[in-house]
**Student:** 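Take this structure first; my questions come after.
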Amino acid sequence: MSISIQRPKGTQDVTPAEVYKWHTVEQIVKNCAERFGFKEIRIPTFEDTGLFVRSVGDTTDVVQKEMYTVSATGDSTFTLRPEGTAGTIRAAIENGLLNEGFPQKLYYVLSCFRHEKPQAGRLREFHQFGCEMIGAEGPAADADLIALAKSVIDMTGLKNIELNINSIGCPKCRAEYHKALKSYFNQYKDKLCSTCQERLEKNPMRLLDCKSEEDKAIAADAPVILDYLCDDCHAHFDGLQKNLKLMGIDYKVNPRIVRGLDYYTRTVFEFITTDIGAQGTICGGGRYDGLIECLGGKPAPALGFGMGLERLILTMQKQSCEFMEPKTCDIYIAAMGERAIRESIGIISRFRSEGYFVEYDLVGRGLKAQMKYADKIGAKYVMVLGDNELDSGSAKVKNMKTGEQTDISLGEKMLEDFADRYYETLMAEDEMFRNFVEAFGGEND
RNA sequence: GUGGGUAUAGCGUAGUUGGUUAACGCGUCAGUUUGUGGCACUGAAGACCGUGGGUUCGAAUCCCACUAUCCACCCCA
């Protein structure tokens with residue numbers, strides 16, 4: 001079969017067979033964020049192009065070659081958000097959230113768009129859980145934000161996720177560092193790979209992250225940013241590490257963590273896995289103290305992170321983590337014969353108006369096939385309805401797990417009878433369903 | 001943007017000295033007598049073998065191009 005229209009490159013369909021995985025991480029993420037006092041914010045899918053140019057940075061790859069920009073009528077152009085921070089900060093400024101007291105803690109789950117060549121863990125439309133904290137300057141805020149990301153990862157059940165942290169300083173100390181880097185690498189200019197020769201001019205910090213073996217060897221002895229931090233930045237980074245230790249969060253200082261978005265200052269961090277191929281950064285973030293002012297807000301320190309939901313799910317699958325199983329129907333009504341089918345409609349309605357999850361035959365299956373179907377969809381109970389039952393005013397309800405059957409009256413007391421027998425069992429399963437996330441978190445500690 | 005791999009039913013696969021109705025597993029549907037699922041058995045539906053050219057008496061199988069997809073570089077979540 002050939003379909004003429006297929007999904008755009010780099011996009012994904014999530015079929016019913018897979019959504020429950022999304023429901024799982026969405027619940028976990030929401031749950032964690034709210035336990036840390038973050039409130040959800042929802043922002044537009046597209047923004048004025050200038051917003052991203054100013055915040056993400058006009059020299060970054062993201063802005064230079066990965067944005068989906070459309071020109072609407074007239075002169076303004078809009079861009080599908082390539083990340084969530086810019087829009088969130090814009091919204092915070094625009095809605096006066098910065099005047100409501102600090103810290104302002106916001107989270108979101110949204111899709112982002114980047115025109116890249118797809119590969120494992122990299123899509124053109126991908127989904128991000130993000131948190132932004134505004135107005136907190138001290139390192140305790142950085143540590144708390146990292147703790148939030150860590151608690152999400154723990155709750156998913158993931159293992160072997162490495163936290164890397166670094167400080168890239170403030171604009172002042174970074175300028176010094178850039179000078180030092182340039183003069184260091186200039187000695188080896190001829191030996192560097194071609195892309196690195198370019199990077200030397202544009203963004204020397206990127207050289208530290210080159211994959212080429214020769215460049216790596218050269219970079220090994222390059223000056224380290226941490227030696228160039230000003231006193232304030234140094235103290236901040238120290239403070240962060242102390243807090244992480246107090247929280248019992250393992251980390252590794254990695255001077256090569258650089259981040260590709262211009263707005264970062266001081267703290268940057270990544271949670272990395274090696275389980276899903278080359279794109280192993282599950283979560284990345286850091287501090288961006290200058291961004292708010294840059295976007296026209298009253299100057300305020302801020303920090304945040306983005307977590308890639310696809311990558312999270314990929315890693316969870318790789319590690320065989322558990323997902324919240326989808327809920328299945330409470331009772332399947334199997335009717336046979338014209339009269340019973342007609343009468344069953346009313347019975348089904350009564351169950352449904354009580355809040356039960358009910359299914360019944362809509363495609364004309366025989367009784368046996370209905371039983372089979374009920375089993376397939378995981379129905380917990382099946383009620384068989386035929387002429388005999390209608391005449392006698394009571395029907396058998398079968399427990400599909402144990403196979404045992406009991407009589408339930410079809411009269412006024414039907415719902416009462418059913419509830420007497422099964423309500424507690426059903427509620428117990430329902431409760432398990434609702435508390436899944438918490439239960440999960442508990443197991444991991 | 002650069003490189004490499006792959007392209008056969010809904011899904012996963014088999015199918016090389018090119019040769020009649022393209023095979024298997026899962027799934028779907030229907031049956032295995034009388035009103036009850038999971039197992040087993042039987043049967044059915046479902047593939048223009050990615051697209052377009054070429055070689056040949058004959059191509060899923062060989063050649064070319066294109067497209068899609070995957071992986072990697074780059075970059076990032």
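Numbered from 1 within each chain, the chains take letters A, B, ... in sequence-line order. Computed from a prediction, not measured in an experiment: that's the story for all the values here.
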**Student:** Taking only the side-chain nitrogens and oxygens of Q119(A), find out if one of them lies under 4.0 Å from OP1 or OP2 of rA72(B).
**Tutor:** yes
**Student:** Output the single nucleotide from rG35(B), rA77(B), rG1(B) whose closest atom is nearest the side chain of L367(A).
**Tutor:** rG35(B)
**Student:** Looking only at the side chain of V384(A) (C-beta and beyond, no hydrogens), which of the listed nucleotides rA30(B), rC75(B), rG35(B) gets closest?
**Tutor:** rG35(B)
**Student:** Is the count of non-hydrogen atoms from other residues, nucleotides or ligands lying under 6.0 Å from Y423(A) atom OH greater than 12?
**Tutor:** no
**Student:** Just compare rA68(B), rA77(B), rC75(B) and give me whichever is closest to any side-chain atom of Q6(A).
**Tutor:** rA68(B)
**Student:** Do K9(A) and rU69(B) have a side chain to base donor-acceptor pair shorter than 3.5 Å?
**Tutor:** no
**Student:** Given the C1' atoms of rA30(B) and rA45(B), what is the spacing between them in whole Å?
**Tutor:** 10 Å
**Student:** Please report the distance separating the P of rA7(B) from the corresponding atom of rU13(B), rounded so that it comes out in whole Å.
**Tutor:** 10 Å
**Student:** Check every atom of rA77(B), rU2(B), rC73(B) against the side chain of Q279(A) and return the nucleotide holding the closest atom.
**Tutor:** rC73(B)
**Student:** Look at the side chain of E116(A) and decide which nucleotide, out of rU36(B), rC74(B), rA77(B), has an atom nearest to it.
**Tutor:** rA77(B)
**Student:** Counting only distance, no hydrogens or angles, is the base of rC75(B) paired donor-acceptor with the side chain of R122(A) under 3.5 Å?
**Tutor:** yes
**Student:** With C1' as the reference atom in both, quote the distance from rC11(B) to rU17(B) in angstrom, rounded to an integer.
**Tutor:** 33 Å
**Student:** Distance between the C1' atoms of rC64(B) and rU56(B), in whole angstroms?
**Tutor:** 16 Å
**Student:** Tell me, for nucleotides 37-46 of chain B in 5' to 3' order, what letter each nucleotide earns: B for a base near a protein heavy atom under 4.0 Å, S for only sugar-phosphate near one, - for neither?
**Tutor:** BB--------
**Student:** RNA chain B: stems of at least 3 consecutive Watson-Crick or G-U pairs, cut-off 3.5 Å?
**Tutor:** B:1-7 with B:67-73, B:10-13 with B:23-26, B:28-32 with B:40-44, B:50-54 with B:62-66
